[in-house]
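Note that the structure is predicted; figures quoted are calculated from it, not measured. If you read the sequence from its start, that first residue is 1, and numbering goes on from there.
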Amino acid sequence: MQKILTVYFSRKGQNYWNGSIVELEKGNAQRAAEMVQKAVGGDLFEIRTVKQYAEEYRACCEEAKRELREGVRPQLESCPASLDGYDILFVGYPNWCGTMPMAVFSFLEKYDLTGKKIAPFCSNEGSGMGRSEGDLKELCKGAQLVKGLSVRGSRTAESEGEIAAWARSALE
C-alpha cells in the first residue's frame, strides 16, 4: 500500500474568481487538496509562510511577481522532518505568475524526492498549469511526475468527481 502525502499552498481572502475579486473563506487549492485526501487517504500538510502575503489581491500579485523575478524562497512556518516514508506526493497550488508560488519551491527544495511519484494539481482561472509541470520536473529530479490536473478555481466546489478520479488514477 502506498503512503500518501497531499501538500498544498493556498490563499484564502481576496482572490480572482471568474472575472472578479471576491473574498474566500477557504482557498481553492485547499478545497482541492481536501478532495484529493478524501479520495485517496493519506496525510495532509499545508505550506505556510512565516511572512504573510498582502491581504489585498493586487498587492499580493505584486509580491508574487517580485518573488518570482528575484528567485525568492520564502521562509516556511514548518515542514515535516522527512518525507522518507511517503511514496507519492500530491502537490497543490494556485497558478501564480504562470507557475507555482515560491513557497512551494521552498518546500520541495528541502527534500530529496528521488524515487517518489509527484502528482501536481493547480487552481487557476484559465491559465491552466502554466509552466509549473516543467518547473516541477526540474525541481524534483529523480522523481516520477504524473500529468497534472488543472482545476478552475471558481468551479472547484463542483469538481470533486473529476479531482477524485484524477487522484485515484495517479496511484496506478
Side-chain angles (χ1 to χ4, degrees), residues 2 4-49 53 55 57-58 60-61 63-65 67-68 74 76 83 86-108 113 116-140 143-172:
Q2 296 182 75
I4 301 165
L5 175 64
T6 300
V7 58
Y8 69 93
F9 177 85
S10 195
R11 176 178 165 82
K12 63 182 179 181
Q14 283 191 5
N15 271 269
Y16 185 75
W17 176 283
N18 208 21
S20 300
I21 304 298
V22 299
E23 193 78 22
L24 299 179
E25 285 184 36
K26 186 183 287 191
N28 299 315
Q30 180 180 355
R31 285 186 192 284
E34 290 168 350
M35 292 173 186
V36 167
Q37 185 196 33
K38 181 179 173 186
V40 297
D43 298 325
L44 188 66
F45 182 83
E46 180 182 6
I47 299 169
R48 290 188 300 251
T49 56
Y53 289 94
E55 289 183 30
Y57 176 77
R58 285 177 181 34
C60 178
C61 290
E63 287 178 87
K65 287 177 194 174
E67 283 184 349
L68 179 63
L76 305 180
L83 299 182
Y86 295 104
D87 303 301
I88 182 166
L89 272 69
F90 287 90
V91 180
Y93 47 88
N95 183 328
W96 279 15
C97 307
T99 190
M100 304 172 289
M102 295 288 93
V104 179
F105 284 80
S106 293
F107 179 87
L108 294 172
L113 300 170
K116 300 202 182 302
K117 189 185 282 189
I118 309 294
F121 57 98
C122 175
S123 63
N124 61 84
E125 281 302 310
S127 52
M129 298 293 292
R131 68 175 182 280
S132 65
E133 288 173 298
D135 288 342
L136 282 164
K137 190 174 193 174
E138 187 66 29
L139 193 61
C140 304
Q144 176 192 353
L145 189 63
V146 172
K147 176 81 174 123
L149 177 69
S150 170
V151 179
R152 185 139 185 144
S154 56
R155 295 190 185 129
T156 304
E158 299 88 41
S159 300
E160 187 166 4
E162 176 188 4
I163 291 168
W166 169 82
R168 286 191 291 270
S169 74
L171 298 180
E172 298 172 359

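- Residues L108 and C140 form a side-chain contact, since some pair of their non-hydrogen atoms from C-beta on lies under 4.5 Å apart.
- A side-chain N or O of E125 and one of S154 form a donor-acceptor pair less than 3.5 Å apart.
- Using a cut-off of 4.0 Å between Lys/Arg side-chain N and Asp/Glu carboxylate O, K147 and E133 are scored as salt-bridged.
- Between the CD atom of E162 and the OG1 atom of T156 there is a distance of 10.0 Å, given to the nearest 0.5 Å.
- If you check the side chains of N124 and S150, you find a donor sitting under 3.5 Å from an acceptor.
- Using modelled atom types, one finds no donor on one side chain facing an acceptor on the other under 3.5 Å when comparing Q37 with Y8.
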Q: Begin from the C-alpha positions of N28 and R152 and carry the test side chain to side chain contact (heavy atoms under 4.5 Å, CB included) through to its verdict.
A: CA-CA 9 Å; N28 299 315; R152 185 139 185 144; over 6 Å; no

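- Taking every heavy atom of both residues into account, Y93 and P101 meet most closely at CB-CD, 3.7 Å.
- Expressed to the nearest 0.5 Å, how far CZ of R31 lies from OG of S159 amounts to 11.5 Å.
- Taking the six-membered ring for Trp and the full ring otherwise, Y57 and W17 have centroids separated by 6.0 Å or more.
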Q: Could you give me the CA-CA distance, side-chain angles and deciding distance for F105 and L68, then say whether side chain to side chain contact (heavy atoms under 4.5 Å, CB included) is met?
A: CA-CA 10 Å; F105 284 80; L68 179 63; 5.7 Å; no

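- Residues A167 and F90 approach most closely at O-CZ, 3.5 Å, considering heavy atoms.
- From E63, atom CD reaches atom CE of M102 across 13.5 Å, with rounding to the nearest 0.5 Å.
- Using modelled atom types, no side-chain atom of E67 and backbone atom of P74 make a donor-acceptor pair closer than 3.5 Å.
- Residue-environment remark: CZ (R131) exceeds the threshold of 12 foreign heavy atoms within 6.0 Å.
- Of the possible polar contacts, none joining the K137 side chain to the L145 backbone as a donor-acceptor pair under 3.5 Å is found.
- Under a 3.5 Å cut-off, the side chain of K117 and the backbone N or O of V146 do not form any donor-acceptor pair.
- More than 12 heavy-atom neighbours from other residues, nucleotides or ligands sit within 6.0 angstrom of CD on E158.
- Contact between C60 and Y53 at its shortest, heavy atoms only, is SG-CB, 3.8 Å.
- Here the side chain of K116 pairs a donor or acceptor atom with the backbone of L83 at under 3.5 angstrom.
- Rounded to the nearest 0.5 Å, atoms CD (E23) and CD (E55) are 8.0 Å apart.
- What you find for P120 and L136 is that their closest heavy atoms are CB-CD1, 3.4 Å.
- Counting all heavy atoms, side chain and backbone alike, M100 lies closest to S132 at CG-CB, 3.8 Å.
- Annotation: the span from I21 atom CD1 to N15 atom CG amounts to 8.0 Å, rounded to 0.5 Å.
- Applying the side-chain contact (heavy atoms from CB on, under 4.5 Å) test between I4 and each of L171, V36, L44, D87 identifies L171 as the sole match.
- Residue S123 holds its OG atom at 10.5 Å from CZ of F9, rounded to the nearest 0.5 Å.
- In plain terms, the two heavy atoms of M129 and G148 that are nearest each other are CE-CA, 3.8 Å.
- Under the ring pair (Phe, Tyr, Trp, His ring centres under 6.0 Å) criterion, the residue pairs touching residues 23-45 are F45-F107, with sequence neighbours excluded.
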